[in-house]
Every structure is written in C-alpha cells, then in structure tokens.
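See structure below.
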Amino acid sequence: MNIEASPFTIHQNRDAYSMKLLFLTIVTLTVLALPAPAMADPIVIRFSHVVPENTPKGKMAIKFKELIEQRMPERVSVEIYPNGKLYSDSSVLLAMQLGNVEMAAPTVSKFTQFTKKLQVFDLPFLFKDMASVERFQQSIAGQKLLSSMENELIVGLGYLHNGMKQLSANQAIKSPSDVVGKVFRIMNSDVLEAQFEAVDAIPLKKNYEEVFSLLQSKAVFGQENSWSNIYAKKFFEVQNYITESNHGVLGYLVVTSAEFWYGLPENLREDIKLALDEAISYGNKISAIKAEEDRKKIIDSGKSKLVSLSSEERQVWINAMTSVRKMFEQDIGKDLIDSAVKANQ
Ligand code: LMR
C-alpha cells in the first residue's frame, strides 16, 4: 500500500518535531542554569619556615608546591610562608600540634622538647662530612628517628641538608682561647649550649630571625651556621671573619602533624609523600651546590675574611669539645651515637 504523506500528517510531524525541540531547549537551559556540581575544596598544606626562598629549604618548599600543583591541582594546594612570616621555629611545632600549620622543616636542633634522640645531630665533630650524615640518615637507625615523635603527634617525613656549620665572629677565631667569655648566638639546643660552654664561651639561644640585628648591633660576638644561612641573611656583612671549622651539621627534619597526615586518604597521602621525597632530593642536591657557591660569594665580597684551620688546629677544637658527647650519651643513647660514628666509614 502506498501511503502518501497527506498535508495533515506533515503538519502533525512538524508539530511533534517542534515539541521535541522545545523540550530539549528547556532541558539544556535548565542544566546550564543549575550550579556546577559541588567540588570538594582542595586540602591546603601550609608550609612554614624561617629562611629566605633562595636557600635549600626555600627552594625545596617551592619545588614541593610545584609538584603538588602539577600532579593534584584540584585536590591539594600548598601555601608557603618563608622568613618566619607565619611562625618562628620556637612556635611552629606547637602551632602544628594545634592544627594551625601542616608542614614545617625546623633544624634537627629544635626538637629537644619532643625527643632527646635527635640531639645526636648536634654533637660537635661527630660527622666527618655530609656524605656521612646522609649514610646515617638513610640507615635503619636514622630512619627510625623519623617516627621518634609520633607520641607527640609529630611525624617526620624526611631529612633535608643544608651543610656543615662554620663559626662567624667579629674577630678572627683560630683556637678555643679566642672565644673565652664571648657571646655566641645558638639555636635552641642544649647540646649546642654545652658545646660553647666546653670552650668557656657564652651561648645565647635566639631565633634565626633575630640573628642579623644581634650581630649588627654587636650584642653578640658571633654565631655558627651553614654557608647558605650566613649568605642568605647577610651575616657576612656584619661579621669580619668566618672560621671554616666544619664542626657540626645543619640539617632539617620535614615534619607534619599526625592528625593531618593520617587523616588523609591513603592514596593521596602516598602521592603527597612521593612529591615530597622528590622535592627533598632536589633540595639536597641544591644544598651541596649552594654551600660551595655561597662560600665563594662571601669570600669574593671581601666583607668577611676566611680563617682556615690546619688539621692540628682543628684537633685542638675536637679535644676541647670531646666531653660533650659523654654528657649527652645517656639521653641520646650510646647505640645511636655508635651508628652515627659508623656512618663515617
Ligand atoms: C638557625 O636558626 O640558625 C637555622 O636553624 C635556620 C634554618 O632554618 O636554617
């Protein structure tokens, strides 16, 4: 049967088509008018530290932020607060326990109120060089230290280097007799206090942010720090001499709060940790380069003169400070000190 389309059927079809079009238009407009499906807000990691951005720690933090924002832009964001803008090292750990900041990387010297074990890093003349420090940190004993503060709800995520410490002062320091009765700014560490007391100097615990003005005003005679920290905060402009003593190590522990860390979904936590490990190994490479570069810049500036020690002169310092190790042996643990010594071989 030949069914011819009558004007009536054509009309009917056109009506049906118009209805369909109208329906689709209404649906589309309705969908467009609806608010976008609610996306969860990104998790914010506030990373607080006390040094400028042009330091191993500053650069490591920036690298971490970049990696996180490349890899998980909608899920996590990182806010960096350098130069002690948010917290000084004396308040940041409490702030972390209270949930006011998620990450920090104070020097290992600044955890004494939470664990005595990390004091091992402050013992004078314990590590031969940075390679020994790295070997110790990667050893079983060194890795165990990362979780030594979990009872205090602080989780160690990794070690970051800054280099060996040097002594800067208003006068040339060659032998321990040059520092008798002189005031030295130190970090908040009982081992560092004992180290200066062993040579009859007067240690003064102060925050990093205060050091430049203490040196400039000559309220203190000198201080100890890495080449990078001496350069970054211009200590070399207000100190006449720097003794290349390599008498100790300046390194950091990147930490977070247990509540924040274990509250993250497991896969996200793993991804953040991977990004952090990468940023730390980048920071560690930078630290070796910067120690050399910043040392050279300081010497080239002519503002601070380099004082070198012969191995005999250095041995006099080692002998003068040797008692410190015994003083803290019980607190730190002899096994841990022995593991550190072993890493020198
Ligand atoms: C210092 O207080 O001298 C250093 O710990 C600063 C830092 O974080 O490197």
Side-chain angles (χ1 to χ4, degrees), residues 47-62 64 80-93 95-96 101 103-114 118-119 121-124 130 133 156-169 183-193 195-196 203-216 219-239 242 245-255 279-280 283-284 286-288 290-291 294-295 298:
F47 192 141
S48 170
H49 68 83
V50 300
V51 289
E53 292 186 313
N54 186 28
T55 56
K57 183 158 56 182
K59 285 179 175 283
M60 173 258 148
I62 292 170
F64 175 60
I80 307 173
Y81 298 92
N83 284 310
K85 255 191 236 163
L86 197 57
Y87 293 105
S88 70
D89 277 339
S90 55
S91 54
V92 73
L93 294 171
M96 184 176 284
V101 63
M103 263 189 206
T107 54
V108 279
S109 320
K110 295 173 181 168
F111 291 92
T112 318
Q113 67 184 115
F114 305 104
L118 286 171
Q119 295 185 124
F121 290 105
D122 280 346
L123 291 174
M130 290 310 295
V133 176
L157 297 175
Y159 294 106
L160 176 69
H161 303 316
N162 191 332
M164 302 298 280
K165 285 183 294 186
Q166 322 301 337
L167 278 174
S168 76
V183 180
F184 282 81
R185 176 269 170 174
I186 57 163
M187 293 183 275
N188 186 11
S189 152
D190 294 347
V191 177
L192 299 179
E193 189 172 51
Q195 168 194 281
F196 278 97
L204 186 67
K205 291 178 179 172
K206 287 283 177 188
N207 280 329
Y208 185 65
E209 298 88 321
E210 296 169 75
V211 183
F212 181 84
S213 54
L214 287 169
L215 297 174
Q216 190 181 37
V220 303
F221 174 78
Q223 61 90 45
E224 54 163 24
N225 233 308
S226 64
W227 285 113
S228 150
N229 275 352
I230 294 172
Y231 181 74
K233 283 283 195 185
K234 302 189 188 332
F235 299 165
F236 69 102
E237 294 189 359
V238 288
Q239 294 270 266
I242 302 177
S245 50
N246 291 316
H247 63 279
V249 54
L250 191 115
Y252 308 107
L253 192 61
V254 183
V255 287
I280 289 179
N284 283 343
I286 297 267
S287 76
K290 278 200 78 56
D294 293 347
R295 174 184 182 276
I298 292 171

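The basis for the numbers below is simple: all heavy atoms, side chains too, and nothing from hydrogens, waters or symmetry mates. When a ligand or atom number is given, it counts from 1 through the structure's own listing order.
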Problem set entry | From CA spacing to verdict: side chain to side chain contact (heavy atoms under 4.5 Å, CB included), Gln223, Leu214 | CA-CA 10 Å; Gln223 61 90 45; Leu214 287 169; over 6 Å; no

Problem set entry | Worked check of side chain to side chain donor-acceptor pair (under 3.5 Å) between Gln166 and Asn225 | CA-CA 5 Å; Gln166 322 301 337; Asn225 233 308; over 6 Å; no

Problem set entry | Nearest-0.5 Å distance, NE2 of residue His247 to CE of residue Met164 | 9.0 Å

Problem set entry | Verdict with reasoning, Val50 to Asn207, per side chain to side chain contact (heavy atoms under 4.5 Å, CB included) | CA-CA 9 Å; Val50 300; Asn207 280 329; over 6 Å; no

Dump all N/O pairs between ligand 1 and the protein below 3.5 Å as a table: atom names plus distance, one pair per row.
from: ligand 1; atom 1: 2 (O); to: Lys110; atom 2: NZ; distance (Å): 2.7
from: ligand 1; atom 1: 2 (O); to: Arg185; atom 2: NH2; distance (Å): 2.8
from: ligand 1; atom 1: 3 (O); to: Arg185; atom 2: NH1; distance (Å): 2.8
from: ligand 1; atom 1: 3 (O); to: Asn225; atom 2: ND2; distance (Å): 2.9
from: ligand 1; atom 1: 5 (O); to: Lys110; atom 2: NZ; distance (Å): 2.8
from: ligand 1; atom 1: 8 (O); to: Lys57; atom 2: NZ; distance (Å): 2.7
from: ligand 1; atom 1: 9 (O); to: Asn229; atom 2: ND2; distance (Å): 2.7
from: ligand 1; atom 1: 9 (O); to: Tyr252; atom 2: OH; distance (Å): 2.4

Exercise. So Ile80 and Phe64, side chain to side chain contact (heavy atoms under 4.5 Å, CB included) or not? Walk me through it.
Worked result: CA-CA 10 Å; Ile80 307 173; Phe64 175 60; over 6 Å; no

Exercise. Among all residues two or more places apart in sequence or in another chain, which pass the side-chain contact (heavy atoms from CB on, under 4.5 Å) test with Thr107?
Worked result: Ser109, Lys110, Met187, Leu250, Tyr252

